[in-house]
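Just so it is clear, the structure is predicted and the values come from calculations on it, not from any experiment. Below, read A as the first sequence line, B as the second, and so on, with proteins coming before strands; counting in each chain starts at 1.
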Amino acid sequence: MLESYLREKRSQKEILLMTHIVLGYPSFSQAYRIVEAMVEAGVDLIELQIPFSEPMADGPVILNANQSALAAGSSVEQCLAFAGEVCARFEIPFLFMSYYNILYKYGVDRFAAAMAKAGIRGAIVPDLPPEEAEDYLKAMVINQLAPVFIFSPNTPDQRLQFIADHAKGFIYCVARTGVTGSRTEFSQQLDAYLNRCRRATKLPLALGFGVKDKADIDFLRGKVDIAVIGSQTIRTVDKKGVEAVEGFIRGLTL
Amino acid sequence: MNRRGYYGGFGGAYIPEILTATFAELTREFDAAKNDPSFWQQYRDILATYSCRPTPITFAENLTEYLKGARIYIKREDLNHTGAHKANNVIGQGLLVKRMGKKRVIAETGAGQHGVATATMAAKFGFDCTIYMGEVDVERQRPNVFWMERLGAEVVPVTDGTRLLKDAINQAFRDWVTNMDTTHYVLGTACGPHPFPEMVTYFQSIIGREARKQLMETEGRLPSRVYACVGGGSNAMGIFSGFFADPVQLVGVEAGGQGLETGRHASRLASSDGSVGIAQGYKTYFLQNADGQMKETHSVAAGLDYVGVSPILAQLKESGRVRFETATDVEVLDALSLTMKKEGLIPALESSHAFVQAFKEAPTLSRNDIILINQSGRGDKDIFTIADAFSDPSWKKFISKKATKYHA
Ligand SMILES: Cc1ncc(COP(=O)(O)O)c(C=O)c1O
């Protein structure tokens, strides 16, 4: 179970690190090397984003990665094959992240079975609220996969609990309003929100959106279980190449 | 679980968590307004004094003579302020924005009509205004960009994806998830997450309510068929709303672009190329590939150049209540020419799609039949596209002269 893996890991480390890549960006072979570098640098779990033509919740960096991957011909079948490879090769858990149409078009039941077969442990689908997730939740349960849901700072307390009731594995707390990749103020205000999240669920908490360096992660120590690094890895790859990934990740948790 | 906003299997609200509270507020406000009889009165009064409502129906006597079939009536949404039915929707949503106490509006636009309408509403009600518009549409609808900017709106060209209407919608959503506390997103058509399809239809239903009453007054009977072009579906839903309970055939006309067989079109319902999917917050027929990636669409009419379609129309297609047809770019220009020459009317390229199908069917009907065409907008905005299509020599000369002057 994803949750027990995270608890076990968490008992050894003060904060866990989840990183993110867009499948097929800059290419599948480079994506593989990025995963390798991340594992080598000690990340605890990785989010594999299947590119979608309408990534509504993503900012310019991840949006561009989605478009480039699609322009280069990244297909869902290739993404599933890639997932199968990395799950077989590396010990850490992998999750899918994508928009719901990717699952829906594939067939939600068929997609969940394919995820399980590849060795994927769960999924994050930002445009699928629990209210619309009946088929998805059924398929995830049958295949023993963790449906990760999202908390946001403007989610009322009662709804935090409603969401947590449908979630497994962990909860993804978005740090602020807005899309991925822009700046986040790591401040006292964030503390109040994280306290609300903590009260709403016993599941491990991840925090993402705007986490970019060691200072941000240090701020989150003791407040959440998992820090999520998204756009910043892609920026590093764009500016300095795949070789720079391992050093960047190591620098985060020194 | 909450199944609000479904029409058969279509619709829903596939929204990121960060917008859930915003949608709850909007739905609450819309429900309250709907149940407040003074709201519709206020809405009608503003449209009457600001936007020429009720817009008339025009009997197209010369076209009727020429086609030798059904009596052709035209509902004149082109006579709205800013030249299209879009005014109805923006005034309605503008009143809701006031009730919610927000100070800024954003919108997507394809043809630029919805953008211009939103910009006028923002100026009138004192809101800040940002309009997202695909780069391709900025190029082909330049006059509307000029007006939006003059009206005080910021126009942001969208360079992502296909650089068309759908990409402008994504960008508007990205703005909204950042600024929802101060900002309302004035979606321009009967698409998107609940409550937008219902809400936009509600405001546009003024078209059908008026048209039905006007026909009963002038002809004393109902039309046999009603024609409307279908982009996102708001003008079609608007006029169809007046006739759902009647024995009237409803015909939606989509963009056939360069012909269905070329794949370069925007027909989600009439062609067999559309399939059910979930994107931009709702479930409907989309033009997408087997992986669920949205395809590039094509139409001479920017306002019809869109991958999705109203979930309400998707349901009405499945139930058979509305029939869907397509008109090609070439047919559209012919119908536009004919309408100008015979009636002195200048329908928008979008609206001209409805005329194409009506002209095909009118001669097959009897002289006792009445048909009604929704002229959703006026063609002035399309001057560059239409001049190019007709390769108009004196216009070209004028533009070159103008360009030389700017370079001097
Ligand atoms: C004049 C006109 N008609 C029709 C449309 C298509 O939109 P809808 O299908 O929502 O009426 C547009 C959109 O821009 C328009 O400007």
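For the residue pair A:Glu77/A:Tyr106, the side-chain donor-acceptor check at 3.5 Å is satisfied.
For A:Ile163, the part lying under 4.5 angstrom from a heavy atom of chain B is the side chain only. Looking at A:Tyr104, the atoms closer than 4.5 Å to chain B (heavy atoms on both sides) all sit in the side chain, from C-beta outward. For A:Asn64, no part sits under 4.5 Å from any heavy atom of chain B, backbone or side chain. For A:Glu54, the parts sitting under 4.5 Å from any heavy atom of chain B are the backbone and the side chain alike. Contacts of A:Pro55 with chain B are made by both backbone and side-chain atoms, with heavy-atom separations under 4.5 Å. For A:Leu103, no part lies near chain B; criterion is any non-hydrogen pair under 4.5 Å. A:Arg176 touches chain B through its backbone: at least one of N, CA, C or O sits under 4.5 Å from a heavy atom, while the side chain does not. Using a 4.5 Å cut-off between heavy atoms, B:Asn289 contacts chain A through its backbone alone, with no side-chain atom that close. At a 4.5 Å heavy-atom cutoff, the contact between A:Ile150 and chain B is made by backbone and side-chain atoms alike. With a threshold of 4.5 angstrom between heavy atoms, B:Gln288 approaches chain A through side-chain atoms but not through N, CA, C or O.
When each of B:Thr183, B:Asp181, B:Thr182 is paired with B:Arg104, the side-chain hydrogen bond (donor to acceptor under 3.5 Å, both in side chains) condition holds for B:Thr183 and for no other.
Taking the six-membered ring where tryptophan is involved, the planes of A:Phe111 and A:Phe96 are tilted, since the angle between them lies from 30° to 60°. Between B:His184 and B:Trp176, the two ring planes are perpendicular [angle over 60°; tilted spans 30° to 60°]. Ring orientation note: the planes of A:Tyr136 and A:Phe149 are nearly perpendicular, at an angle over 60° on the 30°/60° scale.
Ion pair A:Arg183/A:Asp216 not flagged as a salt bridge, since none of the NZ, NE, NH1 or NH2 atoms sits closer than 4.0 Å to an Asp/Glu carboxylate oxygen.
Between the side chain of A:Tyr99 and the backbone N or O of A:Ala57 there is at least one donor-acceptor pair closer than 3.5 Å. Not a single donor-acceptor pair under 3.5 Å links the side chain of A:Thr155 to the backbone N or O of A:Arg159.
When A:Asp58, A:Ile50, A:Leu128 are compared by the number of non-hydrogen pairs under 4.5 Å with chain B, A:Asp58 comes out ahead. Taking A:Ala71, A:Gly59, A:Pro126 one by one and counting their heavy-atom pairs under 4.5 Å with chain B, the maximum is reached by A:Pro126. Your options are A:Asn154, A:Asn66, A:Ile102, and the one with the most heavy-atom pairs under 4.5 Å with chain B is A:Asn154.
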*Please test B:Phe196 against B:Tyr282 for ring-ring contact (aromatic ring centres under 6.0 Å, His included), starting from the C-alpha separation and ending with a verdict.*
CA-CA 10 Å; B:Phe196 280 109; B:Tyr282 68 111; over 10 Å; no
